[in-house]
Every structure is written in structure tokens, then in C-alpha cells.
Amino acid sequence: MSTNIWVWIAALLSLAIFSYLYKDNPAFRFAEHLFTGLSVGYFIVLYWNNYTLPYIVTPLANHRWLTLIPMAIGMMYFFRFIPKLNHLILIPIAISLGFWNGMSIPLTFEADVLKQIQGTMVNTSMLTNIWDPQKGLMVGLLVMVGVISTITYFYFSREHKGPIKVTANVGIWFVMIGFGATFGYTVMARVSLLIARMQFLFTDWIHLIK
Amino acid sequence: MLKFLAKFGKLDRRIVFALLLAAILIPLLFSVKSRFYVDAATRSIYDYVDHIEPNGRPLMISFDYDPQVAAELDPMARAVLRHCFARGVKVVGLSLAPQGDAIGEGIMTKVAEEYGKKNGTDYCYFGYRPGMTIIMLQMGVNVKKALPLDYYQTPYDSLPMMHNIHNYDDIALVLSLAGSTYPYSWIIFAGTKFKVKIAAGQTAVMAPDNYPFLQTGQLVGQLGGMKGGAEYEQLIVEAGYYHKSDIASKAMSAIAYSHLLIILLIILGNIGYFISKKIEQKK
């Protein structure tokens, strides 16, 4: 058994959380509320040290008065609570939206649309090794068929009958395989978290696993 | 027999939890080892890091994750750091997620101690930087402006390792360890705009989202979930960079058996559902 008090606290809180698997109980609720409270406390300190101090307090202390402009724009969000001045929150929202769209639209289009269209194309370099599991022609064709049939399934402007129905049905299979892969990965994620807790309880706490 | 199978359609969830616990604990307690292959996406990151020149351009690790997903991402961070420090590759650490701040510091300090590496000369850690995309963009122009002070409040210019690092041109690879879409932002705002190489270490839940970016080469490689960490651990042990398998490798048999159990329960649950439906129809 561990002699470290923090390991004991962590172990008992872990067990309190696990107790919810049986049913809701005061031990679980205590651990849940403690976690929420700690998180809020952590974020207050972190945001003060990483946002407020370096970007507002320190520049103002050094007489960099231009800091007051973005600060004032940011403070306008609080007009939400003054009904008569409520409309003024559109100013910071407009600035944020304009900045974000200007910054991200061209880059997102290049990374998400152009590159992905390029990645869907079958090209001559794929002919050098047709069966290559990463860059071969067969994978290229599979990706192309998958993308076209899946998009066809999500095309609702025309009734799904004839060739469109056949293609859409193939698309459903690709979508299902995609969901299956995602589900498999999700199971692994949840199981991994449980394994890590078990490793902690049985290794660090009661030293049963070497 | 049919009545017995029909019961699987309405199995009490507490029995499922108990079975899952057994499937996880038995392999862990008896140190059952299972074989697993190394995915091409993992090997790709390993090969890339293995070709970074020692004492040359550093690897940047962004600890973009919270404690909730540390179980999956900590092993990756440790394995990659061991690989770097064993080869003499310098490392720059930072975090764009608020809670990644202390996680990154703890892991970097601990692994650096194992290899006798010094803060400021062999590695630097800058902690949490607010602004995510702003920081990603700013580092493409001026790293010093984006990271003026390190985690311990040491000014950028006082860190000898950072003297030759001005922008992404001086970074060999950015590895974002994340439980959400941070690697996606890295691809867009650092990879697409500044052409720096990006790799991702993702939780298993998020890993499938990155496959399109692997196929197009926008990601150098990906470590997916605890298996990704285990694969990297195996690679560095095989290459002699580290002496023993770590926590993720030990968890692989528990993952394998728990998956088998879940597959079995899904099959039995479906059989049970259809049988109980037929029994009800007969009534």
C-alpha cells in the first residue's frame, strides 16, 4: 500500500467516481462537486496569470495606453447586461467575426477543400505500385468510389432511383464502415481511460501490479 | 438454450461492467502479453524524428490536452521525448490548452531528468500560451514574440537553445498531442500557411478524423490512442533508445481482451434480441 497521502486521496476519489456505476450516491456527488470546484479555481488563477496580467495589467503599468482600446472593445461584451446598450455588443462580435473569417477562410479552403480534392484524385504516380496499401492505384480507386458514392447518398435534390439509388446504396456501406471504425476507436478510448485508472489503483495505490 | 440466449438481449449493465473489469484486470494482474503490429502512421512519425539531426532544428511538442485524456496521450509524450533525448534532438514544449500547462512541464522535466538533459540548452518549456490560432500564426513570423517568457518566467533571449529559432523554418516538426481538434488548427494555420511539418498524437475518439489529412500528406503521421503510444514505445525499445516497455505497452493485452469481450457481447446481445423477439411473436 502507498504511504503517499495524495495517492490515497486520488484513489479514494477514483473509487467515489466509480461508485456511480452501481447507482447515484453521495460519495459520487462529493467527488463530482470537488472536481468542478477545483477546475473553476484552476481556471481563475490560470486566466489571471496568462491573460489579465501579461495583456492588461503589465502593459498598463508600463504606460502602454493603447492597450485600453482592445480592452474597451472586449468590455463591450458586458453591455449584454444593460438592456438600453445591449446593441453595442455587436461591435466586439463584428470585430471577432471579421478577423476570424478573414484569417481562416482562405487557409481552410486550401487545407480542407483543395488538398482534399487533390487527395481524392487518381494520378499516374499510383501506377508505379498498384497494390501499395498507402499510395497505390487500388487505394486511389477505392477512395474515389467511396467519396463519389457517399456524396451521392447525401444528394437530396433528386429522388434516389435507378443509378443514383445504386450509387447511394454503395455510399451507405462506406458510411457504415466509417462509423464502425469510429466506434472501434471510441471503445478503445473509453477502455484506455479505465485501464489507466486500474493501473493507478493497482500499481501506485496497492502495489499489486509490478 | 434459446431462453438462456434471449437473456443476453436484456443483460443488466452492472454485469457488463463487472465482466469488463475482469477482462481488464486479469491481463494486467498476470502481466499477459499480446502481440500488436506497428501502424504505418506511427512508423512515419518515428522515422521522421529518427532523421532529425541531433543538436539541429528542434522538435516542437504542443501539449494541447487536459487531464481527462492524459491516460492516452501521456505515454505518447514520454515515448517521443525519450526518442528525442536519446538521439540528442532538442525539444521545444508549449501548451495551447489551459490544462496542458502543468501536464507538459511534469512530463518534460521527468523525461529530461532520465537523460540528464538541461532546461534552456537541451529543451525549453513555455507552458500555456493563450490565443491558440494567434500563437500558431505569430510563431510563423516571430517565435520570440509569441513566446516571450518560458514556463519559469525566463526571458526568451536568456535561453541559449532558442537563439537560432526565429520562425517555423527553424523547427523540424510540430507534434500536437490533443484530445480535440488542435491538430486540425495546426494543419491550417501553421502547416498550410507556413509549410511547417505537422504530426498529431490524438485520442482514439479523435483519431479517425485525421485519416484524410494523412492520405494527403498534410500530416506526417499520427499516433492514435493508447495503441499509438504503445507502438511508439515498442519502436524505441526495439531500436535501443529505451530499455523497457512502458505503461501503454503493458495495457495492450487488457485492450485486446476487453475488445474481444465487447465484440462477444454485441454478437450475443443481437442474438438475444432476435430470439426474444421471436419468442414474443410466438406468444
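In the text below, chain A, chain B and the rest are named by the order of the sequence lines, each starting its count at 1. All of these numbers come straight from a predicted model, not from anything done at the bench.
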As an exercise: rank V205(B), D74(B), T203(B), L149(B) by heavy-atom pairs under 4.5 Å with chain A and give me the winner.
V205(B)
Carefully, step by step, assess F189(B) and M103(A) under the rule side-chain contact (heavy atoms from CB on, under 4.5 Å).
CA-CA 9 Å; F189(B) 298 107; M103(A) 184 177 68; 4.1 Å; yes
Test side-chain contact (heavy atoms from CB on, under 4.5 Å) on I262(B) and V191(A); report intermediate values, then the result.
CA-CA 10 Å; I262(B) 289 165; V191(A) 169; 4.2 Å; yes
Pairs of donor and acceptor atoms involving the side chains of residues 132-142 of chain B, under 3.5 Å and at least two apart or interchain, shall be tabulated with distances.
from, atom 1, to, atom 2, distance (Å)
N142(B), OD1, K144(B), N, 3.0
N142(B), OD1, K145(B), N, 3.3

How far does CD of Q118(A) sit from CD of Q215(B), to the nearest 0.5 angstrom?
10.5 Å
When you look at M188(A) and E72(B), which way does the side-chain contact (heavy atoms from CB on, under 4.5 Å) test go after all the steps?
CA-CA 10 Å; M188(A) 184 167 81; E72(B) 289 184 273; 5.5 Å; no
For residues L193(A) and Q68(B), report the shortest heavy-atom separation together with the two atoms involved.
CD2-O, 3.5 Å
Option that, when pairs with chain A are counted at under 4.5 Å, heavy atom only, ranks first among M206(B), R14(B), K193(B), K227(B)
R14(B)
Just wondering, are more than 12 heavy atoms of other shown residues or ligands nearer than 6.0 Å to OH in Y168(B)?
yes
Regarding N49(A) and Y128(B), is there a side-chain donor-to-acceptor distance under 3.5 Å anywhere?
no
Kindly give the heavy-atom pair with the smallest separation between Y42(A) and P98(B), and that separation in Å.
OH-O, 3.2 Å
Need one label for L25(B): side chain, backbone, both or neither, based on atoms under 4.5 Å from any heavy atom in chain A.
side chain
Euclidean distance, F194(B) CZ relative to L107(A) CG, rounded to 0.5 Å:
8.5 Å
Honestly, the part of L214(B) sitting under 4.5 Å from a heavy atom of chain A is neither
If we define contacts as heavy-atom pairs under 4.5 Å, which of A196(A), P54(A), A111(A) has the most with chain B?
A111(A)
Interatomic spacing from CD1 in I187(B) to CG in D112(A) - rounded to 0.5 Å:
8.5 Å
Between atom CD1 of I195(A) and atom CD1 of I255(B), what is the distance when rounded to the nearest 0.5 Å?
4.5 Å
If I measure from the heavy atoms of chain B, does R197(A) come under 4.5 Å with its side chain, its backbone, both, or neither?
neither
Tell me whether the count of non-hydrogen atoms from other residues, nucleotides or ligands lying under 6.0 Å of OH in Y51(A) goes above 12.
yes
Side-chain heavy-atom pair L28(B), F202(A) within 4.5 angstrom cut-off:
no
I266(B) versus chain A, heavy atoms under 4.5 Å apart: side chain, backbone, both or neither?
side chain
Taking every heavy atom of Q199(A) against every heavy atom of K250(B), the minimum-distance pair comes out as NE2-CB, 4.1 Å
What residue, out of G119(A), S104(A), S39(A), has the most heavy-atom pairs lying under 4.5 Å from chain B?
G119(A)
Grab the two heavy atoms, one from P130(B) and one from N50(A), that are nearest each other, plus how far apart they are.
CG-O, 3.2 Å
Are more than 12 heavy atoms, taken from residues, nucleotides or ligands other than Y46(B), located less than 6.0 Å from that residue's OH atom?
yes
Heavy atoms of other groups near Y152(B) OH, more than 12 under 6.0 Å:
yes
Can you confirm whether T108(A) sits close enough to Y184(B) that some side-chain heavy atom of one is under 4.5 Å from a side-chain heavy atom of the other?
yes
From D101(B) atom CG to L46(A) atom CG, the distance as rounded to the nearest 0.5 Å:
5.5 Å
Other residues, nucleotides, ligands: >12 heavy atoms within 6.0 Å of K195(B) NZ:
yes
Would you name the heavy atoms of S192(A) and A71(B) that are closest together and state the gap between them?
O-CB, 4.3 Å
Run K115(A) and T192(B) through side-chain contact (heavy atoms from CB on, under 4.5 Å) and show every step you take.
CA-CA 10 Å; K115(A) 282 272 183 189; T192(B) 306; over 6 Å; no
Is chain B contacted by the side chain of V139(A), its backbone, both, or neither, given a heavy-atom distance below 4.5 Å?
neither
Y77(A), OH: over 12 other non-hydrogen atoms inside 6.0 angstrom:
yes
Go through the atoms of F213(B) and report whether side chain, backbone, both or neither lie under 4.5 Å from a heavy atom of chain A.
both
Check this for me: F17(B), atom CZ, are more than 12 non-hydrogen atoms of other residues, nucleotides or ligands nearer than 6.0 Å?
yes
Turns out that what part of I24(B) lies under 4.5 Å from chain A's heavy atoms comes down to side chain
Contact origin within L20(B) toward chain A - heavy atom pairs under 4.5 Å
side chain
For L38(A), does the CG atom have more than 12 heavy-atom neighbours from other residues, nucleotides or ligands under 6.0 Å away?
yes
Do you know the tightest heavy-atom contact between R13(B) and Y22(A)?
NH2-O, 3.9 Å
For S258(B), is it the side chain, the backbone, both, or neither that has a heavy atom closer than 4.5 Å to a heavy atom of chain A?
side chain
